[in-house]
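A note on names: the letters A, B, ... follow the listed sequences, proteins ahead of strands, and every chain is numbered from 1. Note that the coordinates shown come from a computational prediction; the quantities given were computed from them, not determined experimentally.
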Protein chains: 2
Amino acid sequence: MILKSQVEWALHCCAILASVPPGRYLSTKALAEFHGLPKEYLSKALQSLSQAGIVETTLGPSGGYRLARPPSEVNFLQIVEAVEGKASTFVCTNIRANNPCRPAGFCDDKPCAVARVMWQADAAWRGTLEKVWLSDLVDTLTDEVPDDIWKGTYDWVVKRAG
Amino acid sequence: MILKSQVEWALHCCAILASVPPGRYLSTKALAEFHGLPKEYLSKALQSLSQAGIVETTLGPSGGYRLARPPSEVNFLQIVEAVEGKASTFVCTNIRANNPCRPAGFCDDKPCAVARVMWQADAAWRGTLEKVWLSDLVDTLTDEVPDDIWKGTYDWVVKRAG
DNA sequence: AATATTATGGATATACTATATCCTTAAAGC
DNA sequence: GCTTTAAGGATATAGTATATCCATAATATT
């Protein structure tokens with residue numbers, strides 16, 4: 001069970017979009033070049049973010065993507081779910097129902113005990129992602145990325161943002 | 001990102017194996033019949049449990065599987081990892097290294113900030129699974145499964161255990 | 001000793017998903 | 001009118017999950 005690479009791409013793209021000046025957009029082409037990713041396929045991830053309402057888009061030259069709300073209002077879970085979907089990582093096929101000792105037509109009053117544990121773990125995973133905001137990531141990067149690289153990246157984004 | 005169905009199968013099989021009387025074994029055939037699963041493929045999941053040291057096996061008629069240690073010493077994470085592996089659900093391909101603003105040969109002193117968050121969520125998922133033991137599951141089932149079905153299941157297992 | 005039963009592991013086949021590319025369309029800026 | 005862009009459909013390729021089959025060796029029963 002491994003997350004799609006598009007999850008990684010979407011998270012990094014959102015981090016970059018956080019630096020786009022107000023009123024401007026950054027294109028798929030720019031984001032693909034910056035991260036060394038295939039433009040056409042990255043486009044699918046960005047479309048997922050768009051459909052989830054995390055980013056806004058506009059067409060034409062100088063078009064592209066920008067965050068639909070401030071980085072302090074976008075968390076990791078929203079981005080991950082935009083790409084991976086909201087469905088639980090554990091699917092219960094209710095195999096307990098095949099127990100040959102159960103009377104025919106027997107109906108359980110609770111979800112399967114095994115599934116409940118797995119769903120609880122899934123919730124813990126999502127809960128962790130939900131508590132980390134894009135602004136937290138930006139803060140971390142500000143702290144950790146060397147100043148010249150951080151500044152250079154910002155300038156690069158501003159230059160490429162239409 | 002969805003867990004293999006073998007995870008569900010392995011968990012339910014371990015729950016059943018907890019009822020196998022000391023010194024006896026339950027075969028793949030019995031476990032497959034009980035859960036309505038394909039015997040040959042279920043066998044692969046049981047082999048994973050065996051390789052992980054969670055169950056013990058013996059050959060021949062009256063052979064099969066039994067828990068290698070008491071249910072209070074087997075947790076969900078051990079079973080899940082036996083089937084899914086121990087690798088993190090998030091793979092960092094370090095795409096930050098493609099940032100065109102970085103000096104050539106630049107080396108980061110910390111793992112990617114995005115990956116660290118994703119790994120933290122992965123750890124929360126595993127941490128939840130690690131805290132639930134097979135004995136907890138058995139306790140839950142004892143509480144929730146109607147007495148006659150629970151008793152019937154136990155009798156079925158004892159009858160089939162070689 | 002012979003036979004039946006079982007786990008193990010390799011080989012193979014099929015289905016599904018992830019990855020990737022291409023192309024058409026419509027909108028926006030120049 | 002021309003270029004650039006996102007959106008989305010169609011298609012191709014690779015990789016993984018699911019499933020089955022078979023050969024082998026070990027064990028119990030007869």
Side-chain angles (χ1 to χ4, degrees), chain A residues 1-10 13 17 20 23-33 35-66 68 82-85 87 89-91 93 95 160-162, chain B residues 1-10 13 17 20 23-33 35-66 68 82-85 87 89-91 93 95 160-162:
Chain A
M1 185 189 66
I2 293 182
L3 288 163
K4 300 183 199 181
S5 55
Q6 285 199 348
V7 169
E8 182 187 18
W9 302 359
C13 284
L17 290 177
V20 173
R24 299 170 71 183
Y25 296 86
L26 195 60
S27 70
T28 306
K29 187 155 178 276
L31 286 166
E33 283 175 21
H35 293 112
L37 300 173
K39 174 171 157 294
E40 305 285 351
Y41 193 37
L42 173 62
S43 169
K44 303 295 185 187
L46 297 171
Q47 283 173 41
S48 297
L49 292 175
S50 176
Q51 283 162 6
I54 294 169
V55 299
E56 292 173 343
T57 73
T58 191
L59 292 173
S62 80
Y65 296 88
R66 70 180 176 200
V83 173
E84 279 286 339
T89 53
F90 181 82
V91 175
T93 63
I95 61 175
R160 295 295 299 264
Chain B
M1 184 188 68
I2 292 182
L3 288 162
K4 301 183 197 178
S5 55
Q6 285 199 349
V7 170
E8 182 187 18
W9 302 358
C13 284
L17 290 178
V20 173
R24 297 170 71 184
Y25 297 86
L26 195 59
S27 71
T28 305
K29 187 156 178 274
L31 286 165
E33 284 176 20
H35 293 111
L37 300 173
K39 173 171 156 299
E40 305 285 350
Y41 193 37
L42 173 62
S43 169
K44 303 295 185 188
L46 297 171
Q47 283 173 41
S48 297
L49 293 175
S50 175
Q51 282 160 9
I54 295 169
V55 299
E56 291 172 344
T57 72
T58 191
L59 293 173
S62 81
Y65 296 87
R66 70 179 177 201
V83 173
E84 280 287 337
T89 54
F90 180 82
V91 175
T93 63
I95 61 174
R160 295 295 299 264

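Atom C1' of nucleotide dC16(C) and atom NZ of K4(A) are separated by 13 Å, given to the nearest angstrom. dA7(C) atom C1' lies 14 Å from atom CG of L17(B), rounded to whole Å. Taking atom CD of E33(B) as the reference point, atom P of dT6(C) lies 10 Å away to the nearest angstrom. With rounding to whole Å, L42(B) atom CG is found 14 Å from dT8(C) atom C1'. When rounded to the nearest whole Å, the span between CG of L46(B) and C1' of dA7(C) equals 10 Å.
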Protein proximity profile, nucleotides 22-30 of chain C - base contact B, sugar-phosphate-only contact S, no contact -, cut-off 4.0 Å on heavy atoms: BB---BBS-

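Among the heavy atoms of the strands lying under 4.0 Å from Q51(B) are primed sugar atoms or P, OP1, OP2 only; no base atom is included. Contact annotation for E84(B): no contact, since no heavy-atom pair falls under 4.0 Å across all strands. When heavy atoms are screened at a 4.0 angstrom cut-off, S43(A) is found touching no nucleic acid atom at all. Within the nucleic acid shown, Y65(B) comes within 4.0 Å of sugar-phosphate atoms alone, with no base atom in reach, counting heavy atoms only.
E40(B) is linked by a salt bridge (charged side-chain N to carboxylate O under 4.0 Å, His left out) to nothing, counting only residues two or more places apart in sequence or in another chain. Take A68(A) and apply the side chain to side chain contact (heavy atoms under 4.5 Å, CB included) test, not counting sequence neighbours, and it matches E56(A). By the side-chain hydrogen bond (donor to acceptor under 3.5 Å, both in side chains) test, T58(B) is found to be paired with no residue, residues two or more places apart in sequence or in another chain being considered. Residues passing the salt bridge (charged side-chain N to carboxylate O under 4.0 Å, His left out) test with K29(B), sequence neighbours excluded: E33(B). Partners of T57(B) by side-chain hydrogen bond (donor to acceptor under 3.5 Å, both in side chains), not counting sequence neighbours: none found. With sequence neighbours left out, E84(A) forms a side-chain hydrogen bond (donor to acceptor under 3.5 Å, both in side chains) with no residue at all. Residues passing the side-chain hydrogen bond (donor to acceptor under 3.5 Å, both in side chains) test with S50(A): none are found, sequence neighbours excluded.
Side-chain contact between S5(A) and L37(A): absent, with no pair of heavy atoms (C-beta onward) separated by less than 4.5 Å. For the pair L17(B)/Y65(B), a side-chain contact is recorded, criterion being any heavy-atom separation below 4.5 Å from C-beta on.
First and last contacting nucleotides of DNA chain D toward chain B (any atom under 4.0 angstrom from a heavy atom, 5' to 3' order): dA17(D) to dA28(D).
The phosphate of dT19(C) has OP1 or OP2 within less than 4.0 Å of a side-chain N or O from Y41(A).
Each of M1(A) and T28(A) lies near DNA chain D, and the nucleotide nearest T28(A) is the one positioned closer to the 5' end.
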